[in-house]
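Chain letters run A, B, ... following the sequence lines, proteins first and then strands; every chain starts at 1. Predicted model, so just to flag it, every value in this text is computed and none were measured. Keep in mind that the numbers below use all heavy atoms, side chains included, and drop hydrogens, waters and symmetry copies.
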Protein chains: 2
Amino acid sequence: MSSALMRKTQTPSHDGVTTAESENTRLPPRDRIIASAIDLFRQQGIKGVGVDAIAEAADSNKMTLYRHFGSKDDLICECLKKTSARREQIWRDLEAAHPNDPIGQVRGWIEEAAERIFSDPRGCDLANAAVELREANHPALQLIIEAKKAHMERLINLCRAAGIKQPEQLTDALVLLVEGARVCSQSAGIEGPQQQLKRACDAMIAAYSPDS
Amino acid sequence: MSSALMRKTQTPSHDGVTTAESENTRLPPRDRIIASAIDLFRQQGIKGVGVDAIAEAADSNKMTLYRHFGSKDDLICECLKKTSARREQIWRDLEAAHPNDPIGQVRGWIEEAAERIFSDPRGCDLANAAVELREANHPALQLIIEAKKAHMERLINLCRAAGIKQPEQLTDALVLLVEGARVCSQSAGIEGPQQQLKRACDAMIAAYSPDS
DNA sequence: ACCCCTAGTTACTGGACGGTAACATTCATG
DNA sequence: CATGAATGTTACCGTCCAGTAACTAGGGGT
């Protein structure tokens, strides 16, 4: 809490001209608002944070927020889209890191998920949003489902390219394990079963790999 | 309003002796409130429902609610305790259904989880609560962690009794799969990987079973 | 100069929220 | 019948929420 407040206190472009370079380049308000919203949603939950807090954290204000996003639900959807886009980027990075090595990309994805679980045990933003936004037909829900579907499609193709016998089944199993680890990191304490995510995935991959 | 009045009109022990049992016996307000709260929390999320709505759904009122529970957080904790207690009862039922068959109890637990996922795809109340109650040191969190821990302890003992080589590892993997299926039933659409929960668990059990 | 678009500021609305006070009612007991 | 505890009823408090209105301040273009 206090650290977050402290961090926000930095007076922005107080001396004006020098901001030329580096990450200090102030993003336009829309991007700042989305970034702050993703942050706060992750820290306090979607229903646990109000638009005023988001605007303030973005060093902006509520009116500007409402000029860019028609409603809080709108902003939520844009945040989820942004999160999905970042995921796509991670996949592209994995492809670059393991070229022509589909199973390496799959293992890289698992590795990345495991690291993230330990460095920031707050689960998957998309899945968490689905838990919080239970009102029927919430516009975010379709986004979440489609993102998960696209994600699994990619995994299936990688598994197939890797010569897995039943790529759909292995993908389902791996997704269950990873999603389970992400939720357990929130509900099962620091010593929970998420500690064994990689080992469980290895066992599952072995079970579906062609016998050596 | 009027329906509430109508419903309340039943004269209780009007004929004295016969009322021994029957489900028409109105539960005391405290139990009605907890039951209604669990229901509403599940339907609309913990942060999505107010105490007024809970009191009304319980055919009671806010003051009675606050006489029994010091705060909404208090009520949340009692609901989670009740949920944990019901889980314990499920385990006892499984023990009775599969006496001296530890792996049968484990499979029965998986079976029960799978059925529940399809009949009511709203995930695990405990895990969902952990997702929603992110404020640091929320009193519910410790309850959730302890319930999950006790649950896993039971699974480990069953796996060990079944002759599994590494009972802790198999338990971790099975819990990841089941928790993953529960969260995917909310976030991955009706055709999500939760459909393959049982198959994935079978593969995992096979991988950890002594070779036949 | 001019306009115009974007962004920031302040103040506000109406409603829902968690929680409380004061009072009225029921009802099983003595 | 009297008592007292548990329950119900109504009204209220202060706070927070999502969302809006009116106004001001800069910053480029033309």
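With hydrogens and angles disregarded, a donor-acceptor distance shorter than 3.5 Å links the side chain of Lys72(A) to the backbone of Ile46(A).
Judged by closest nucleotide on DNA chain D, Gly48(A) is the one of Gly70(A) and Gly48(A) placed further toward the 5' end.
Among the candidates Ile38(B), Leu80(B), Ile33(B), the single residue satisfying the side chain to side chain contact (heavy atoms under 4.5 Å, CB included) test with Leu75(B) is Ile33(B). Here the rule is side chain to side chain donor-acceptor pair (under 3.5 Å) with Asn128(A), and of Gln186(A), Arg122(A), Arg42(A), Arg182(A) only Gln186(A) fits it.
What separates CG of Asp52(B) from P of dC17(D) is a distance of 17 Å, to the nearest Å. What separates CG of Leu65(A) from C1' of dT20(D) is a distance of 13 Å, to the nearest Å. Taking atom CG of Leu75(A) as the reference point, atom C1' of dC17(D) lies 15 Å away to the nearest angstrom. Rounded to whole angstrom, the span from the CD atom of Glu56(A) across to the P atom of dC17(D) amounts to 11 Å. Atom NZ in Lys47(B) sits about 13 Å away from atom C1' in dC16(D), given to the nearest Å. With rounding to whole Å, Lys62(B) atom NZ is found 16 Å from dT7(D) atom C1'. Taking atom CD of Glu135(B) as the reference point, atom C1' of dG18(C) lies 14 Å away to the nearest angstrom. When rounded to the nearest whole Å, the span between CD of Gln44(B) and C1' of dA16(C) equals 14 Å.
The existence of a salt bridge linking Glu88(A) and Arg154(A) is confirmed by a sub-4.0 Å separation between a basic side-chain nitrogen and an acidic carboxylate oxygen. The pair Arg107(B)-Asp202(B) meets the salt-bridge criterion, with a side-chain N (NZ, NE, NH1 or NH2) lying under 4.0 Å from an Asp/Glu carboxylate O.
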Close N or O pairs between protein and nucleotides 5-8 of chain C (under 3.5 Å):
unit_1: dA7(C); atom_1: OP2; unit_2: His68(A); atom_2: NE2; d: 2.8
unit_1: dA7(C); atom_1: N7; unit_2: Arg67(A); atom_2: NH1; d: 3.4
unit_1: dG8(C); atom_1: OP2; unit_2: Ser60(A); atom_2: OG; d: 2.8
unit_1: dG8(C); atom_1: OP2; unit_2: Thr64(A); atom_2: OG1; d: 3.3
unit_1: dG8(C); atom_1: N7; unit_2: Arg67(A); atom_2: NH1; d: 3.4
unit_1: dG8(C); atom_1: O6; unit_2: Arg67(A); atom_2: NH2; d: 2.4

Exercise for the section: Please test Arg160(B) against Asn157(B) for side chain to side chain donor-acceptor pair (under 3.5 Å), starting from the C-alpha separation and ending with a verdict. Expected result: CA-CA 5 Å; Arg160(B) 182 177 296 119; Asn157(B) 286 334; 3.2 Å; yes
